[in-house]
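Below: one structure, written as structure tokens.
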Amino acid sequence: MKTAVTITELFDLDADLLVLPFASEGLRKKASAALEAAGLSDAPLNDFKASVGETMVLYPRSGKIRASRLMLVGTGEAKGFDDWHRAASAAASMAVDLEASSVVFDLPAPAPKAGTGMEALAEAVVEGALFGAYRFERLKSGKLDKEKKKTAAKGKAKPAEKGIQTLTLRVPASALAAAETGMAAGMAVGSAQLMARDLVNLPGNYLQAEDISKAAVDSGKRYGYSVTVLRKKEIESLRMGGLIAVNQGSVNPPTFTVMDYTPKKKAKATIALVGKGVTFDSGGISIKPSEGMGDMKSDMAGAAAVIGAVEAAARLSLPVRVIGLVPATDNMPDGNAQKPGDVITTYSGITVEVGNTDAEGRLILADALTYAKQKYSPDVIIDLATLTGACIVALGYQVAGLFSNDDKLAASIESAALETGEKVWRLPLWELYDEQIKSDVADVHNTGGRGAGTITAAKFLEKFIDGHGKWAHIDIAGPSFPAKGASKVNGGSGFGVRLLVELLRKWA
Ligand code: BES
Ligand code: MN
Ligand code: ZN
């Protein structure tokens, strides 16, 4: 998608689609003026209420306007950038369905009440547009597509490329520079999020541990940060017993990827981000029921979000050092697989009774968390993981579970969540939950019985941060891959990329 900012008079712009955003406040007055200028009656306003993401497509007749279509899109109360993100996303998604290849989005002055003006507004709109226009089609050959066959048979030119080809923001002249800066940031963060979505959507046979590492290496080469991949031999000699145990039943070797973005100027803080990279979770010997098991290709969404966040931090040249750590493997049953009842020794030396091989994420994260603390002594450690089905039961598909041993860190994450619309809800780390993960034969047990499954998983992870005082765990099982109908998103959402970037900016 190409992007541009323009100050050309709106109706002089040539485009397949002209998007006009409206808030619910003052809607009738503002929108009827715009419609009148376009030679249209205000009748559509009997139906259009400008709720967030509501769209209405109109086809102008008169010559007053050069674009072939007009779209009204609602920003609701336009309370914050999240509303703009959602509006832009809905508009862009509709634009793709309409096969509009050139889209102009009108950004009015003055900027909305909530924020710092045009720069942040332009960023939110570009991120939203990228998000809404995203489709995962790389595994479709098109061979069964009748329309395409017809064009091919007639020897016609290749059909026009799908999706939005150019996105133009139209802004008041005084805001041109700010809009350009915001647009560039929006492209950096928005495309990092789409990269994460691609990784999540790729099925297990297309994405093994080695492929996750390759994605990180490629990103590092492209955007100038260093990436080191530890392979099976090194993982074994480091005695990363959690990662080794989970990988035991697999024919594909594990990897442990270390991304290191260090800013040119002195870093204001060092943040370690840890992401669960289970490329497919069958449950192992504690095998899952077959229904819905295919969704477990998304069990590396934490890894994808971490790679996306490091990439975006590098592209934005944020003044913080960001270490991304991704332990990756699939979780498979075979003759070598770990068994329920096994006791393993993790990288930390802490022994774990594996009561259930389907609680594998915490085993590989245990090693990575200890590694983060011991190797980098970061100011902050944050892990993202599709850790528990119980988190979906508790909070659904649009909200992640948040845990932290530091109230200030938790508050920063909550505020970043409100700003980006990637919602989190904090749950407790009370000591009383430790009772549930006691083991008779090892230091700790990897499952905690029926109650509070999301919390006991977090309590397990807490044992492996080696006393670090500023740690947060975000359980993204729900929002990273929402069930059909539970959210507007289809498949992988890239949840966490925007949240983490917003958080990293707080140290800037
Ligand atoms: N990857 C799953 C959690 C999950 C479930 C994510 C559904 C997204 C959707 C995790 O490895 C798992 O299997 N957790 C178990 C833990 C249990 C065995 C203690 C669970 O949630 O059932
Ligand atoms: Mn599992
Ligand atoms: Zn899992």
Side-chain angles (χ1 to χ4, degrees), residues 200-201 204 207 209 212 242-243 245-250 254 274-305 326-333 337-342 352-366 368 383-401 427 433 436-439 444-461 473-484 486-487 489 491-493 495-496:
V200 175
N201 285 326
L207 190 90
I212 291 198
L243 183 53
V246 175
N247 181 254
Q248 246 168 243
S250 175
V274 178
K276 171 177 172 182
V278 173
T279 57
F280 178 73
D281 180 12
S282 73
I285 295 298
S286 313
I287 199 160
K288 289 179 182 295
S290 54
E291 187 167 330
M293 199 201 271
D295 288 351
M296 282 299 115
K297 69 177 181 180
S298 68
D299 211 15
M300 32 53 67
V326 171
T329 176
D330 48 7
N331 182 26
M332 298 292 282
Q338 64 171 338
K339 305 166 290 298
D342 282 3
V352 178
E353 179 182 0
V354 180
N356 189 320
T357 65
D358 198 9
E360 84 297 341
R362 64 197 77 182
L363 302 179
I364 70 173
L365 289 170
D383 73 79
L384 271 80
T386 47
L387 205 61
T388 65
C391 198
I392 305 177
V393 175
L395 299 174
Y397 286 100
Q398 301 200 54
V399 182
L427 296 166
Y433 292 103
Q436 281 174 252
I437 49 172
K438 283 200 168 134
S439 166
V444 65
H445 197 285
N446 84 329
T447 57
R450 274 192 63 80
T454 302
I455 302 177
T456 51
K459 287 303 283 181
F460 180 92
L461 295 181
H473 158 59
I474 307 181
D475 193 331
I476 59 171
S480 61
F481 197 81
K484 276 215 164 71
S487 141
V489 188
S493 65
F495 184 99

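Just follow the structure's listing: the first ligand is 1, and inside any ligand the first atom is 1. Scope of the values below: all heavy atoms of this structure, side chains included, with no hydrogens, waters or symmetry mates.
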May I ask you to check if any N/O/S atom from Leu387 comes under 2.8 Å of the Zn ion (ligand 3)? no

If you consider just the N/O/S atoms, which atom of [X] is the closest one to the Zn ion (ligand 3)?
X: Glu360; answer: OE2
X: Asp299; answer: OD2
X: Asp281; answer: OD2

For atom 14 (N) of ligand 1, what is the nearest protein heavy atom, given as residue, atom name and distance? Leu387 O, 3.4 Å

Nearest protein heavy atom to atom 2 (C) of ligand 1, by residue and atom, and its distance? Asp281 OD2, 3.6 Å

Ligand 1 versus Arg450, non-hydrogen atoms closer than 4.0 Å: side chain, backbone, both, neither? neither

Mind checking whether Ile392 contacts ligand 1 via backbone (N, CA, C, O), side chain (CB onward), both or neither, at a 4.0 Å heavy-atom cut-off? side chain

Can you tell me how far apart [atom1] ([X]) and [atom2] ([Y]) are? Round to the nearest 0.5 Å.
X: Lys276; Y: Asp383; atom1: NZ; atom2: CG; answer: 11.0 Å
X: Lys484; Y: Asp295; atom1: NZ; atom2: CG; answer: 9.0 Å
X: Glu360; Y: Leu365; atom1: CD; atom2: CG; answer: 9.0 Å
X: Met293; Y: Glu291; atom1: CE; atom2: CD; answer: 11.5 Å

Under 4.0 Å from a heavy atom of [X]: which atoms of ligand 1 are those, numbered in the order shown and with their elements?
X: Asn356; result: 18 (C)
X: Glu360; result: 11 (O)
X: Ala477; result: 6 (C), 8 (C)
X: Met296; result: 1 (N), 4 (C), 5 (C), 6 (C), 7 (C), 8 (C), 9 (C)
X: Lys276; result: 1 (N), 10 (C), 11 (O)
X: Thr386; result: 1 (N), 2 (C), 3 (C), 6 (C)
X: Arg362; result: 16 (C), 19 (C)

Side-chain ([X]) to main-chain ([Y]) donor-acceptor, under 3.5 angstrom:
X: Asp342; Y: Val354; answer: no
X: Lys297; Y: Asn201; answer: yes
X: Asp475; Y: Ala477; answer: yes
X: Thr456; Y: Ala452; answer: yes

Taking distance alone, with N or O pairs closer than 3.5 Å, would you say Thr447 contacts ligand 1? no

Does Thr388 reach ligand 1 with a nitrogen or oxygen that is under 3.5 Å from one of the ligand's nitrogen or oxygen atoms? no

Test Val200 against Phe481 for side-chain contact (heavy atoms from CB on, under 4.5 Å), laying out the working first. CA-CA 8 Å; Val200 175; Phe481 197 81; 3.8 Å; yes

Do [X] and [Y] pair up side chain to side chain, a donor and an acceptor below 3.5 Å, judged on atom types alone?
X: Asn356; Y: Ser286; result: yes
X: Asn331; Y: Ser282; result: no
X: Thr388; Y: Thr454; result: yes

Thr279 and Asp330: CA distance, side-chain angles, deciding distance, side chain to side chain donor-acceptor pair (under 3.5 Å) verdict: CA-CA 5 Å; Thr279 57; Asp330 48 7; 4.5 Å; no

Could you pull out, from Ser286, Gly389, Gly283, Ser298, the option with a heavy atom nearest to atom 21 (O) of ligand 1? Gly389

Ignoring hydrogens, just give me the one of Asp358, Val278, Thr357 whose non-hydrogen atom is nearest atom 12 (C) of ligand 1. Asp358

Sub-4.0 Å heavy-atom approach of Met300 to ligand 1: no

Paired with Leu387, the side chain to side chain contact (heavy atoms under 4.5 Å, CB included) test is passed by just one of Leu461, Ile474, Asp299, namely Leu461

Hey, which protein N/O/S atoms does the Mn ion (ligand 2) have under 2.8 Å? Asp281 OD2, Asp358 O, Asp358 OD1, Glu360 OE1

Of all heavy-atom pairs linking Ile285 and Gln338, the shortest is CG1-O, 3.4 Å

Looking only at heavy atoms, what is the nearest atom pair of Gly401 and Cys391, with distance? N-SG, 3.7 Å

